[in-house]
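Here's the structure, in structure tokens; my notes come after.
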Amino acid sequence: MSPADVLIIGAGASGAVASRRLAEAGFDVVCLEQGERTDPGAYRGAYDDWELTGLKQWTWDPNVRRARADYPVDVSESDIDPLMFNGVGGSTVQFAAQWPRLAPSDFRVRTLDGVADDWPLTYEELQPFYERSDVDFGVSGIGGDPAYPPGAEPPLPPLPLPEVATDIARAHNRLGWHWWPGTNAIASRRYRGRRPCVQRGTCAWGCGEGAKGSTDQTHWPDAERLGARLVTGARVRQITLDARGLATGAIYVDRDGHARHQPASVVLVAANGIGTPRLLLLSASAGFPDGLANRSGLVGKRLMMHPFGTVIGLFDRHWPSWQGHWGQSLQCMEFYETDPGRNFVRGAKWGLQPTGGPLGAALGFGGDPVWGTALHERVRTNLGHSIMWGIIGEDLPDDDNRVTLDGELVDPDGIPAPRIQYRVSENSRRLLKFQAARAAESLAEAGAYETVATPQVRGTGWHLLGTARMGDDPDTSVVDRWCRSHDVENLYVIDGSVFVTSGGVNPTATISALALRATERLIETRREQRVP
Amino acid sequence: MTDPPHPEEFDEAFRARLARIADVLVPAYQGMPAASSVGIAWDLLDKALRARPDLAPDCRRAVTACTDPPSPEALEQLVSEDPDGFGALMVLVLGGYYISAEVRKLLHYAGQEALRIDIGELPAYIEEGLLDEVIDRGPIYRTIPPDETQNSQNSQN
């Protein structure tokens, strides 16, 4: 293929954002994606085997799904299973589309709480890019949330709430606790060719309506129309360098098993918090014996995956608890900030969600299997009678939580697979225990006769962050504040790997805003950019 | 990995045995039918297997290993000795059971339906002033004094 101005590796959230913006600015863009395009008609949400296929073909876990595009991940030393989708749109194809931002304090945790590190940028610097991303992704919600500084209204009105969610809102007002209608990258009315949400409740297994803001819907059609070249079935195994230490492109393996080289003037890596360090480590060379752009030694370290807990409230009333957006109907930031009176630092965001269909109710969420009359009782009390707070807790960075290359495990193309070492910290355990207790109080105040808490669930590593952190000091960070490698001038990392800390919210709004900001900087400084 | 057996490879004797196990997993209870009475070992099993052909080998192994007639104790033993086999059996039996039209009707569950939403209708939380109460309680985010940063170098911007 002919040389590109910019090569982007990965067609997910950040790769799509950069591809579209660069194509719009007139750059010749090539994006290499190891997966394929997915026809929204293939999603199973409208069919009666939705829950069955959701446990295999449409599971979030690549080690279970084992599709051709997936690579295995050694999780034998991890407390949490990392989750992802490999294909055009990346994990936005299966994300819940919850769209909260980091709070201002998230950028200053060292200053405020004496832990981890401050980011090299502020909320205020990122806010314009958050607002542009809201428009690009078609975000629904209501502005004025007192958990955030003032800013622009989301482009779309909020999605509807089930009546029980309004009861929970009333309960929070009685308790004096924060709540706000959920902010979601889900269209509440027709928007830029997308149909509105139909509340089917299967967002996380692919949105057949095209209402959800997955980048195969929101960005790729425009990017390709503007000239971006998207190559699917292209698994990158190495970023190449010239004698001056500048990136010259990447070698990828196509679906026929042939190795090909895609030359480019600038390389952007957008392969998620596991795929990106894996590729940088795979790209070790004489000049970078410990992995490309890894003079700091931090590539792969500080993996953060957001330990996640749930509290389900059981109510006497009946409503179609399996419908709605998934997505969050409410969000609560009451216990987001550090309180010195607690035995942990930082906090969590809660998102209110539907609880799924009968098979999910029968199998439970992270619990032990039941059968016989107990099974009937579980389904009778949950299906049509339950709602769930999903709790995302801040995951503080730790050098021992990391991604390395596995010595034996390989992907379908024979390329070494990543190995994850990750332990849930004591701070996270205390944090989730506290939050689960408060969430149970919330649901009880709203009328739940019983609450069922699962303080931490293993198969919930949706958020892959921190493994190529940004910073101003090349000794203690992999990329600078503009996501450019300290070590390789024309190499950028633009995905969640650059997070300095995780915050306690779903990260895609921030990943997208950071990618847009980095891309704008690249465009602005194009004339100063050294290229091979 | 060997190819999973085609549903037709489960013969009548196997299906009858599976049905007996399925009735221990999902017995009749308070108006809900037992698994065998909705045809769990026949059309529903085939439907579940079409969705999850990967589970056939583990299911076969589990059914073959379980005592016949089955008992709760035998299932407990299966859980401890062959969790993958038990898991496959559970997913296929429960998956098939909850696909059953009769079962769904009894549960008032019609599947995941497409609903038309009306965003023109004023939400109760606006109409009742619930959101105003949240706003009236004031901002809850922590403000950051501009000079209070320990390792930020914003002057580089």
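Sequence lines set the chain letters: A, B, ... in the order given, protein chains first and strands last, and positions in each chain run from 1.
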* Asked: If you count heavy-atom pairs under 4.5 Å with chain B, which of A/Thr53, A/Asn173, A/Thr166, A/Asp49 comes out on top?
  -> A/Asn173
* Structure fact -> Looking only at heavy atoms, the pair that brings B/Tyr109 and A/Gly357 closest together is OH-CA, 4.1 Å
* Which atoms of A/Pro358 approach chain B - backbone, side chain, both or neither, heavy atom under 4.5 Å -> both
* Structure fact -> When the 4.5 angstrom heavy-atom criterion is applied to B/Pro123 and chain A, the contacting part is neither
* Structure fact -> Highest number of heavy-atom pairs under 4.5 Å with chain B among A/Glu209, A/Gln199, A/His172 belongs to A/Gln199
* Derivation and outcome, side-chain contact (heavy atoms from CB on, under 4.5 Å), residues A/Glu377 and B/Gln30 -> CA-CA 10 Å; A/Glu377 280 296 328; B/Gln30 292 191 345; 3.8 Å; yes
* Relative to chain B, which segment of A/Pro157 carries a heavy atom at a distance below 4.5 Å: side chain, backbone, both, or neither? -> side chain
* To do: Measure the spacing between CZ of A/Arg200 and CD of B/Glu113 and express it to the nearest 0.5 Å.
  => 9.0 Å
* Distance in Å, B/Ile144 CD1 paired with A/Tyr123 OH, rounded so as to fall on 0.5 Å steps -> 12.0 Å
* To do: Step through the shown structure and confirm whether more than 12 heavy atoms of other residues, nucleotides or ligands are within 6.0 Å of CZ on B/Phe14.
  => yes
* **Engaged part of A/Arg44 at the chain B interface, taking heavy atoms whose separation is under 4.5 Å** => neither
* To do: Kindly say whether B/Gly95 contributes a backbone atom to a donor-acceptor pair with the side chain of A/Glu51 at under 3.5 angstrom?
  => no
* Short question: side chain of B/Arg137, backbone of A/Trp177 - any donor-acceptor pair under 3.5 Å? -> yes
* Over 12 non-hydrogen atoms of neighbours within 6.0 angstrom of CZ in A/Arg317 -> yes
* Structure fact -> d(A/Asp113 CG, B/Arg142 CZ) to nearest 0.5 Å is 4.5 Å
* B/His108 vs A/His318 aromatic rings, parallel, tilted or perpendicular, using cut-offs 30° and 60°? -> perpendicular
* To do: Quick one: closest heavy-atom pair of A/Ala147 and B/Tyr141, and the distance?
  => O-CB, 3.2 Å
* Structure fact -> The interface call for A/Leu52 against chain B, heavy-atom contacts under 4.5 Å, is both
* **Taking every non-hydrogen atom, the tightest pair across B/Gly138 and A/Pro146** => O-CB, 3.4 Å
* **Partner of A/Trp371 by ring-ring contact (aromatic ring centres under 6.0 Å, His included), out of B/Tyr97, B/Tyr29, B/Phe86** => B/Phe86
* Step through the shown structure and confirm whether more than 12 heavy atoms of other residues, nucleotides or ligands are within 6.0 Å of CD on A/Glu124. => yes
* **Heavy-atom contact with chain A under 4.5 Å, split by part of B/Ile126** => side chain
* Structure fact -> Note: vs chain B, highest number of non-hydrogen pairs under 4.5 angstrom among A/Tyr336, A/Trp50, A/Phe107 is A/Trp50
* Asked: Has B/Asp43 got more than 12 heavy atoms of other residues, nucleotides or ligands less than 6.0 Å from its CG?
  -> no
* Give, as side chain, backbone, both or neither, the part of A/Pro149 having an atom under 4.5 angstrom from any heavy atom of chain B. => both
* To do: With side-chain contact (heavy atoms from CB on, under 4.5 Å) as the test, would you mind laying out the steps for B/Arg52 and A/Gln57 before giving the verdict?
  => CA-CA 9 Å; B/Arg52 295 298 307 278; A/Gln57 297 93 326; 3.7 Å; yes
* To do: Evaluate side-chain contact (heavy atoms from CB on, under 4.5 Å) for A/Ile142 paired with B/Tyr125, printing each intermediate quantity in order.
  => CA-CA 12 Å; A/Ile142 296 183; B/Tyr125 58 82; 3.7 Å; yes
* Short side-chain to backbone donor-acceptor contact, A/His376 and B/Gly31, under 3.5 Å -> no
* Hey, could you give me the CG/CD1 distance between A/Leu159 and B/Ile117, rounded to the nearest 0.5 Å? => 5.5 Å
* Structure fact -> Rounded to the nearest 0.5 Å, the CG atom of A/Leu383 sits from the CZ atom of B/Arg104 at a distance of 10.0 Å
* **Interface residue of largest heavy-atom contact number with chain B, from A/Glu334, A/Arg170, A/Arg189, under 4.5 Å** => A/Arg170
* Is chain B contacted by the side chain of A/Thr338, its backbone, both, or neither, given a heavy-atom distance below 4.5 Å? -> both
* **Top contributor to chain A contacts, counting heavy-atom pairs under 4.5 Å, from B/Leu75, B/Asp23, B/Asp118, B/Leu92** => B/Leu75
* To do: Tell me, out of B/Leu94, B/Val24, B/Val134, who's got the most heavy-atom pairs with chain A below 4.5 Å.
  => B/Val134
* What part of B/Ala34 is in contact with chain A, defined as an atom under 4.5 angstrom from a non-hydrogen atom: side chain, backbone, both or neither? -> neither
* To do: Check the surroundings of atom CZ in B/Arg116: do more than 12 heavy atoms from other residues, nucleotides or ligands lie under 6.0 Å from it?
  => no
* Top of A/Gly176, A/Pro196, A/Gly201 for chain B proximity - count of heavy-atom pairs under 4.5 angstrom -> A/Gly176
* Does B/Lys47 pair with A/Asp48 as a salt bridge, N-O distance under 4.0 Å? -> yes
* Part of A/Val379 within contact of chain B (heavy atom distance under 4.5 Å) -> side chain
* When only pairs under 4.5 Å are counted, which of B/Val91, B/Val93, B/Val103, B/Thr143 shares the most heavy-atom pairs with chain A? -> B/Val91
* Which of the residues A/Gly208, A/Pro181, A/Gly471, A/Ala165 is involved in the greatest number of heavy-atom pairs with chain B at under 4.5 angstrom? -> A/Pro181
* To do: Hey, could you give me the CD1/CE distance between B/Ile140 and A/Met333, rounded to the nearest 0.5 Å?
  => 6.5 Å
* To do: Take A/Trp180 and B/Ile135 through the side-chain contact (heavy atoms from CB on, under 4.5 Å) test and state the conclusion after the steps.
  => CA-CA 10 Å; A/Trp180 200 255; B/Ile135 295 165; 3.8 Å; yes
